[in-house]
Participant: 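Below you'll find the structure I mean.
When a residue number appears, it is its place in the shown sequence, counting from 1. All ligand and atom numbering here is 1-based and tracks the order in the structure.
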Amino acid sequence: MDIKKSTFCAHRGASGNFPENTMCAFNAALALGATWIETDLNLSSDEKLVIFHDANLGRTTSDSGALSLLTLNEIQSLDAGSWKDEAFSNEKVLSFQELLNWQDTHGVNINYELKCDAANPNKVVTILSKELRDRDPKKIIISSFSEKLLIESIKVIPSYRHALISERLPKNWKNKSRELNLNAWHLNADYLNLNQVRALHRERLKVRVYTVNNKTKYKKMNEWGVDMIMSDYPEKFLDF
Ligand code: G3P
Ligand code: MG
């Protein structure tokens with residue numbers, strides 16, 4: 001029997017060997033054949049969405065402190081590649097607009113994870129919807145760990161697919177799926193089991209998992225029939 005392969009998604013680009021969430025990581029993912037990319041959105045002090053994972057700058061840039069205190073220009077003056085390797089010292093933090101334009105050029109699909117502070121969901125989603133304008137909803141997923149951000153986004157831009165991210169599938173997942181009108185869950189592969197995958201699929205919910213970098217785990221997720229596997233290594237898994 002043929003097993004349908006799970007869709008591969010390059011987590012933060014080809015972030016295993018390139019500085020995460022930078023143009024070179026996205027270009028590498030594309031060159032390796034990825035059709036889906038996962039990335040993270042945060043908000044600058046001048047209310048522009050930027051492609052950045054952490055709330056703080058220290059781990060992946062040449063500065064430290066909170067990203068939300070700097071303007072887009074200030075953030076883009078930083079070196080976002082040297083932390084990985086000196087060879088990447090020219091990499092910058094991308095704006096959402098730059099990545100959307102790159103996405104349009106290459107036709108790739110992107111799962112945008114909203115990381116922004118959830119204290120004011122209305123503000124964040126107003127900015128998101130303005131910046132998205134009339135992009136092709138078929139090529140975009142909006143996901144978040146924050147129910148507040150997700151609920152607001154589903155309300156304001158319902159034509160885009162949305163998914164709730166959770167480390168573990170909560171006990172009340174069925175009610176929550178109905179309450180939020182979800183069609184997908186993004187779950188940590190380490191805490192997922194086959195019965196949960198089957199139960200989610202019975203309810204016609206998509207199951208997408210993160211972050212799978214181990215070959216045994218990747219094979220198991222494929223066998224379980226999860227819909228998408230996010231991994232830092234397209235090099236290892238695209239032809240797996
Ligand atoms: O979108 C799935 C995954 O990226 C969530 O966790 O911390 O890697 O953004 P994190
Ligand atoms: Mg993420």
Participant: Do any N or O atoms from the side chain of Gln103 and from the backbone of Val108 form a donor-acceptor pair under 3.5 angstrom?
Facilitator: yes
Participant: Should Asn73 and Thr71 be marked as a side chain to side chain donor-acceptor pair (under 3.5 Å) after you check the CA-CA gap, both sets of side-chain angles, and the distance that decides it?
Facilitator: CA-CA 5 Å; Asn73 270 344; Thr71 63; 5.5 Å; no
Participant: Given His11, His186, Arg12, which one has a non-hydrogen atom that is nearest to atom 3 (C) of ligand 1?
Facilitator: His11
Participant: Any nitrogen or oxygen of Tyr210, main chain or side chain, under 3.5 Å from a nitrogen or oxygen of ligand 1?
Facilitator: no
Participant: Which residue and non-hydrogen atom of the protein lie closest to atom 1 (O) of ligand 1, and at what distance in Å?
Facilitator: Glu38 OE2, 2.8 Å
Participant: Which angle, to the nearest 10 degrees, do you find at the Mg ion (ligand 2) between OE2 in Glu38 and OE1 in Glu113?
Facilitator: 100°
Participant: For atom 6 (O) of ligand 1, what is the nearest protein heavy atom, given as residue, atom name and distance?
Facilitator: Phe145 CE1, 3.7 Å
Participant: Is the backbone of Gly58 close enough, under 3.5 Å, to the side chain of Thr61 for a donor and an acceptor to pair up by distance?
Facilitator: no
Participant: Should you measure from each heavy atom of Asp40, which atoms of ligand 1 turn up under 4.0 Å away?
Facilitator: 9 (O)
Participant: Considering only protein heavy atoms, which is closest to atom 7 (O) of ligand 1, and at what distance to one decimal place?
Facilitator: His53 NE2, 2.8 Å
Participant: Nearest to the Mg ion (ligand 2), which N, O or S atom of Asp40 do we find?
Facilitator: OD1
Participant: Without swapping roles, check the side chain of Glu131 against the backbone of Phe96 for a donor-acceptor pair under 3.5 Å.
Facilitator: no
Participant: For Thr211, is at least one N or O under 3.5 Å away from an N or O on ligand 1?
Facilitator: no
Participant: Which ligand 1 atoms does Ile165 reach within 4.0 Å, using its non-hydrogen atoms?
Facilitator: 1 (O)
Participant: Are any non-hydrogen side-chain atoms of Gln196 and Asn193 less than 4.5 angstrom apart?
Facilitator: yes
Participant: Do side-chain atoms of Asp227 reach the backbone of Val207 as a donor and acceptor pair under 3.5 angstrom?
Facilitator: yes
Participant: Does the Lys NZ or Arg CZ of Lys84 fall within the cation-pi geometry relative to Phe88 - under 6.0 Å from the ring centre and within 45° of the axis?
Facilitator: no
Participant: Checking a contact table here: which protein heavy atom is nearest atom 5 (C) of ligand 1, and how many Å away?
Facilitator: Glu113 OE1, 3.4 Å
